[in-house]
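Take a look at the structure below.
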Amino acid sequence: MIYNMDFETMPREALEAIQLRRLKETLSRVYATVPFYRKQFDLSGIQPKDIKSLEDLKHIPFTTKQDLRDNYPFGMFAVPMENVVRIHASSGTTGRPTVVGYTARDIDTWSRLMARSLCAAGATPGDIIHNAYGYGLFTGGLGVHYGAERLGASVIPISGGNTKRQVIIMQDFGPTLITCTPSYALHLVEVAAEMGVDFKDLKFKAGIFGAEPWSESMRQEIEQKLNLKAMDIYGLSEVIGPGVSIECVEAQKGLHVFEDHFIPEIIHPETGDVLPFGETGELVFTSITKEAFPVIRYRTRDITALNPEPCICGRTHVRMNRVTGRTDDMLIIRGVNVFPSQIESVLMDMENIEPHYQLVVDRINNLDMLTVMVEVGQQVFSDEIKVLQTLEHSISKNIKETIGVSTKVKLVEPKTIARSEGKAQRVIDNRKI
Ligand code: DLL
């Protein structure tokens with residue numbers, strides 16, 4: 001173990017005492033410095049001093065993405081601009097991006113959290129990290145970069161894209177750890193294969209993948225194809241970026257939330273009620289150490305559950321389940337709720353299918369129609385039409401039996417579905433147009 005794990009292994013009681021102290025400080029500060037939060041408190045009749053225990057957190061109003069949009073770009077900052085040293089933004093599929101700011105101390109906190117994340121995933125100062133998360137307004141690239149340097153590892157700031165060159169660098173520099181989105185990892189394998197390079201001949205021991213949902217079956221696919229251990233990392237710009245939670249290399253089961261910096265809650269997405277451990281709902285975060293952009297009960301829209309059980313790695317911080325989707329990427333197809341990740345799980349469990357898929361939703365004669373486009377290998381694609389039809393039929397049947405929704409399945413040639421350098425676009429919903 002390279003990193004001092006005191007904060008991650010402390011007894012619950014001690015951790016909660018720290019959380020409460022930091023929470024109170026944060027609430028007083030946002031009340032004094034951010035007009036939005038002051039108004040929220042005043043409207044709800046609660047004052048920061050009324051918060052006497054962690055239990056009381058549930059009385060504070062939520063903050064939503066819309067609130068951030070309404071205060072675009074810098075209205076939610078809690079420090080003067082001269083104290084802000086970095087600005088990031090999340091792309092957002094519609095409207096303006098969400099803008100976040102960091103003080104020098106925030107960058108330091110984030111670097112430490114990312115060093116802790118990398119360490120939890122098995123990284124050591126001796127590692128060479130091939131960092132293929134995009135550098136720029138997206139928090140992935142720079143987040144990993146600062147964490148890797150803080151840990152003392154060597155970082156290759158390759159960013160996303162220029163995939164052939166990435167493969168050459170991997171061969172020549174011998175990186176031992178890779179960081180990128182899971183979809184880009186699969187694209188890298190594909191391009192490497194075209195170049196006659198097998199990941200089994202590279203030096204990777206682990207990969208840290210996140211920024212988009214991916215299933216357990218996708219993990220197996222990645223571990224096998226890239227010949228490494230794959231860990232899931234989660235985060236969002238609004239909360240800090242990557243480094244909010246990560247799977248430990250020991251268990252690879254659930255993502256430890258860095259609770260000494262962020263307080264997680266799970267709420268019912270419709271009623272807003274706080275749900276007990278183990279129940280699935282929307283993840284909400286309160287940051288308790290950030291200076292420039294603190295968030296109070298921020299609704300992430302991500303769906304997961306929290307697990308407080310002790311972990312074999314010794315960390316006492318709660319674990320969140322893999323994020324299977326967002327409240328806003330749930331498709332409702334003829335009344336059935338469908339998450340892209342559920343379809344992914346069905347597909348990945350079948351043979352002769354490549355891990356590249358896209359869901360297209362149309363409304364035909366007032367009826368929702370979900371088409372699942374899936375790539376198959378060149379060999380399967382060249383088979384008789386009957387073979388393809390049988391495969392299409394069995395995919396459709398498996399989806400119907402597992403998720404309960406009827407779909408049209410379309411098998412397509414290799415590389416038909418656009419590859420992404422960052423987050424994959426899994427859904428094209430033509431109904432909104
Ligand atoms: O995606 C931060 C990040 C960078 C995380 C690199 C991990 C690795 P945003 O661009 O603001 O920030 O997007 C945040 O992406 O609310 C989730 O919906 C989704 N997301 C992030 N990590 C995961 C994950 C970064 N491991 C949004 N599993 C979040 C599922 C994820 N979804």
Side-chain angles (χ1 to χ4, degrees), residues 63-65 68-69 87-94 96-102 110 113-114 117-118 120-121 129 131-148 159-160 177-185 207-216 218-219 222 230-247 252-258 262 264 269 280 282-285 287 293 295 298-305 319-330 339-342 344-345 420-427:
T63 307
T64 64
K65 196 160 188 103
L68 307 189
R69 288 214 177 100
I87 292 166
H88 279 284
S90 77
S91 51
T93 40
T94 49
R96 286 171 166 153
T98 307
V99 184
V100 298
Y102 303 76
W110 190 19
L113 283 172
M114 275 309 300
S117 303
L118 295 169
I129 302 181
N131 183 20
Y133 283 118
Y135 280 64
L137 284 177
F138 175 56
T139 50
L142 285 165
V144 170
H145 186 102
Y146 275 60
S159 194
L177 229 132
I178 179 164
T179 52
C180 62
T181 58
S183 54
Y184 191 58
I208 302 175
F209 307 108
E212 64 185 8
W214 53 309
S215 58
E216 198 50 46
M218 181 78 91
R219 186 213 302 270
I222 290 179
M231 263 66 65
D232 191 3
I233 182 166
Y234 167 90
L236 63 166
S237 326
E238 298 91 312
V239 173
I240 204 159
V244 174
S245 67
I246 188 154
E247 282 179 335
Q252 283 182 295
K253 201 167 179 6
L255 296 87
H256 291 279
V257 177
F258 291 113
F262 314 109
T280 302
E282 180 179 346
L283 182 61
V284 169
F285 275 113
S287 71
F293 191 84
V295 280
Y298 181 68
R299 293 185 64 153
T300 64
R301 307 193 205 179
D302 292 323
I303 297 161
T304 184
R319 281 176 280 173
M320 53 184 258
N321 291 349
R322 244 163 208 290
V323 170
T324 46
R326 299 168 53 82
T327 51
D328 50 5
D329 78 9
M330 184 180 79
F339 286 101
S341 57
Q342 289 176 296
E344 178 180 303
S345 288
S420 126
E421 289 164 8
K423 299 179 192 245
Q425 191 188 0
R426 298 293 189 200
V427 180

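Read the numbers this way: they start at 1 and go in the same order the structure lists the ligands and their atoms.
Listed by chain and number, the residues in a salt bridge (charged side-chain N to carboxylate O under 4.0 Å, His left out) with Arg219 are Glu216, Glu247 (sequence neighbours excluded). Remark: Glu282 engages Arg299 in a salt bridge (charged side-chain N to carboxylate O under 4.0 Å, His left out) (not counting sequence neighbours). Residues meeting the salt bridge (charged side-chain N to carboxylate O under 4.0 Å, His left out) test with Asp302, sequence neighbours left out: Arg326.
Sorted by chain and number, the heavy-atom contacts of ligand 1 below 4.0 Å come from Ser90, Tyr133, Phe138, Thr139, Gly140, Gly210, Ala211, Glu212, Pro213, Asp232, Ile233, Tyr234, Gly235, Leu236, Ser237, Glu238, Pro242, Asp302, Val323, Arg326, Lys423.
Remark: of the listed residues Tyr133, Phe138, Tyr135, Tyr135 is the sole one forming a ring-ring contact (aromatic ring centres under 6.0 Å, His included) with His145.
Residues Ser183 and Glu212 bring a donor and an acceptor atom of their side chains to less than 3.5 Å of each other. In the model, Asn131 has a side-chain atom that pairs as donor or acceptor with a side-chain atom of Thr179 under 3.5 Å.
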